[in-house]
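These notes concern the structure reproduced below.
Each chain gets a letter, A, B and so on, in the order the sequences are listed, and its residues count up from 1. Only heavy atoms go into these numbers, but all of them, side chains included; no hydrogens, no water, no symmetry mates.
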Amino acid sequence: MRLRAEELVVGFDGTAALAGASLDVAAGETLALLGPSGCGKSTLLRAIAGLQRLDGGRVLLDGRDLGGTPPHRRGIGLMFQEHALFPHRDVAGNVGFGLRMAGTPRAEIARSVVELLGLVGLDGMGKRSVETLSGGEQQRVALARALAPGPPVLLLDEPLGSLDRPLHDRLLDELGEVFRRLQQTVLYVTHDVAEAFALGDRVAVMRAGRIVQTATPNELWSRPANGWVARFLGLANVEPLGESVRITRPEAIGVERSPAGEATVIRAERSGAVVTLTLRDSAGRELEAVVAGVNVPAPGDRVALRIDPAGVVFVPAGD
Amino acid sequence: MVKRLVLLGFVLLSVSCGGDDAGEPTEVVLVTHDSFVVSKPVRAAFEQESGLRLRILQSGDAGAALNRALLTKGNPEGDVFFGVDNNLLSRALAEDLFEPYEPPGLDAVPDRYELDPEHGLIPIDHGEVCLNVDKGWFAERRLAPPRSLDELSDARYRGLLVVENPATSTPGLAFLLATVARYGEPGWQELWRKLRANDVLVVDGWEAAYTAEFSGAGGSNGTRPIVVSYASSPPAEVVFAGKPLDEAPTAVVEDSCFRQVELAGVLRGAQNESGARTLLDFMLSERFQADLPLSMFVFPVRDGVELPEAFRRFAVVPERPLELSPEEIGSNRDRWIREWTSIVLR
Amino acid sequence: MDVDRAPLGRLQLAAAAAIPIAFLAIFFVYPLATIVGRGLAESGSSTFATGETLRIAWFTTWQAALSTALTLAVGLPLAWVVGRFAFRGRSLVLALVLVPFVLPTLVVATAFVAVLPGRLDRSVPAILLAHAFFNVAVVVRVVGGYWAGLGRTTEAAATVLGAGPWRRLREVTLPQLAPALAAASALTFLFSFTSFGVVVVLGGPRIATLETEIYSQAARLFDLRTAAVLSLVQLGAVAAIVVVASRLEGRLLGGRSSETARRVLRRPRGRERWLVGSVLGSSAVLLGLPLAALIRRSLSTPTGIGLDHYRVLRRETSILLVTPLEAAANSLLFATLATGLALAVGGLLALALARLRPGWLDALVLLPLGGSAVMLGFGFVIAFDEPPLELRGSALLVPVAQALVAAPFVFRIVAPAIRSVRVELREAAALLGGSPLRVRREIDLPLVARALGGAAGFAFAIALGEFGATIFVAQADRPTLPVAIFRFLGRPGAENQGSAAALAVVLALLAAAAALVAERAGGRRSPL
């Protein structure tokens, strides 16, 4: 189903948490909502779920206005940051909760629970107490619980926030896999750019209660809406030029070792297959470039730069 | 669960609120203090003879009960009130709380108990408040127990007496009145100054004095062998000793006794006035009167009622107890208590 | 700040609040206002001087403050033991501390007189000791329960940072316990402030508190006007106290998770074993002595030690219209009804107020504890004197009166539990399709079940032991056990005194059993 939020406004004590935020999630699409903490993305999520009263705007599900529909009748699934598992129920009790609320017959609930636990890789753990689970297991229970009633839209609020890196990465893959398989419409809130790019078919970037840009990860990377978005995405080489900024994507800078080169390598940091080089050119300007392979320049080396014009964009400063 | 309980509460409430005042009255309500007792067979006899259910409402001590009756004047809680004693009489009469009635049984009651000439209040029982002494305690020390109020200020009885506060206790007030009746003013104040000098212990109520401080009470580990209690206490010690006794462990100092009469009357505005009269008749009947000694540990006002064996053998009914007229008590009581308080407690 | 965080409809909330508010309005405010109004309207000037009122109010206040301090001193070590350690008999300890709380003051005071050294009785220290004895349950259960909900992490952190045990207690543990300490202190203070039996029996005739003076004025001197004025003074003082206490409490209230509790309780080890043992031992002596005296009295017969006095249970006597066994049955029935009422009133109030920060509304719930029993009794008589509220003489007033005393406790125990339920759990349940009421049932109720169980035990015990108000409304045909005990105590003779002691022991056993059952029934989750 298609989820639309139009011009949502929420104010707390005179300050606007949402100042006219709009977004549109197509059926079966995963939209990642990306923004720094405090930008209002959790509020946006809660507003869509009906947990937060709106001071303006409306939420539409397949064109139907959800205003006036209480949270428990919206059919929207939400996976909480801290899991919010019910401590007084076992794993199966948590997963089957939504189905029970819907009045599903017991046998059917039991079957669904087994199936869902299989889907999230927790076969046979239905009888476990949720308090004895590891962080990753709790996460999977929370996912299974949110998916169980078959919600037309699933919202996730930084669900991987508290996990360690390897587990985080593995669960990220699994989440994407599950969403694709179920053709689930998903709104995924995160402050982590990598997470947003990994999961999102499209990414909506949010700042101070507004959506600044919505685009596919590639579009975002190649053409951020403004300097602020570029910096937030982690793009280096953002240089102010009056009202606008010039952005030179690091991978668009060709680097060649050359004693007569115009720049010097200051730092080189390897991250997997690629190495990020920090360079200083003759004008004293610092630039970042990314190169692949093992035979790469080292700090102190002089290098010649070749910049691909397609990798340079001029956008508004945005501040 | 919570909701169901609330619901239950409301159902119960509404049930209890449902009026039942249709047709002939089927019950008579006795309003009284919480020392009132009637034995089961006697109550059953009344219910059978009269065809009325006897409901008993008890509400605190005699003072509190009378106060409740005063508060509900005109729309009383019941039909008969029992428990006005000579200390409270003037107040009860001043408020015109009772409907005069003269039960036939009154003929058998000696005049000395008829404190209300208008018959708004009818005497039912009398009980004397007297000093009680622990016979064993005195025998052990080869000391003669006191025989009169005068002797209480003797040095040999120093630290032996425990009394109740007249401001908070009925027997305490009666004992104060006894000293007033005996010595008049300012003699009674003089006596109490001496008693204070002789280390009298004042406690708040009868329970604390008798069961906790008095050495002669069964099962007590009290240390004082002289206490203000009732003329009926020695036979009670025998009846409730838990084993057969040939002699009462305690005795009464006859000279110290002050008479208290308890009266009952038909409340003005009673729902069941004829039932109230029937109940008053019954309370003066031989059957009820004979039940009084062992239920409330008081004496019947009716002449010729046979006393139980323990009372015949161990109770002393003082020939000429100390007395004050209800009017005198009524107009001076509060002042006496204030003076007593400043002499003994301050 | 976020108005819609608790997904319970406004209407339902209003409904939840309406029931308890109606109950308190009908059975507390209305009768009390009626009698006080009647008293104030009475002509004639009171003979009672302002100076005397102030003197009594001042004494009432400082004795209550000292009583509270003493109760904390006695109760805190025990609270530490039950709040930090798992050991065999822990729930028995929690149940047994309730016993003093339910015993009629008259009985305990008499037992107290027997064990107090020398001439310590009939003095202020005797009153303070007795108040500590009665209220230790409040400190142990409220503070101990809260303690068990605190993690050990902060203390461990303080240890690593070099804080010694005392330093740790002062700078880490006590500040964290502050909300519970404030709550327990407020309750203890209130009980000591309005206590009646203890002051009358142990204080002797020279000592008066507001409550005893109200009684004297209303029931002995018939000066309703003075009684009304004093009642207002007492109510005002109580209101001021609870508002201040709840301000303090509200300010101190920090976040705490109740879900770690199970890992907090562990077996004592090493030196702790010794400490725990000595705390338990000395508490047993302190709390047990008066009880032991009572038990001894109930067992000593003219022919030696025996159970003779307990035979009175099944015996018809000239003192009661029913056997004491029937009185015990009455007590159980009334206490059950009162517990239901108190749970409904206190629980619904807690539900309605849970979304608000603790504040003066919380405080007002405690107000019934500040109403004088005798004035309320008189108020019942003149307020409920015609249909549709012709309740005079109705046996229902007994559980109602008991529930008035117990409901504030239920509220104080349940409200923090509801507040500690994380909002996300409710939201998660709502988004999974649970209607607001369903969420209350599926999430809140199970999560606060233990607190409800504890509250039920407390309420039951209070109702079982309630005497001051019961004596004004009990019917001769349906006496409760405390009333029966009072009747036996009021008759001379070794047998009657022994019967009173035996019945008091039965009452104590019933209360302890009820507390144990409630403890078990409440579930196995949170620690209180």
C:Pro436 versus A:His72, closest heavy-atom pair with distance: CD-CE1, 3.4 Å

Distance col, row A:Leu85:CG vs C:Arg422:CZ, nearest 0.5 angstrom, shows 8.5 Å

Between C:Ala428 and A:Ala84, which heavy-atom pair has the shortest distance, and what is it? CB-O, 4.2 Å

Atom pair NE2/CD of A:His88 and C:Glu442 - distance to nearest 0.5 Å: 7.0 Å

Can you tell me if C:Arg438 has over 12 outside heavy atoms packed within less than 6.0 Å of its CZ? yes

Gap separating the CZ atom of A:Arg89 from the CG atom of C:Leu425, nearest 0.5 angstrom: 12.0 Å

For a quick test of reading the model, state the closest non-hydrogen atom pair linking C:Leu447 to A:Pro87 and the distance between them. CD2-CG, 3.6 Å

Counting only non-hydrogen atoms closer than 4.5 Å, does A:Pro70 touch chain C with its backbone (N, CA, C, O), its side chain (CB onward), both, or neither? neither

Pick one of side chain, backbone, both or neither for A:Glu82, based on which atoms fall under 4.5 Å of a heavy atom in chain C. both

Starting at CG of C:Leu431, measure out to CZ of A:Arg145 and round the result to the nearest 0.5 Å. 9.5 Å

Counting only non-hydrogen atoms closer than 4.5 Å, can you tell me which residues of residues 92-116 of chain A sit against chain C? A:Phe97, A:Gly98, A:Arg100, A:Met101

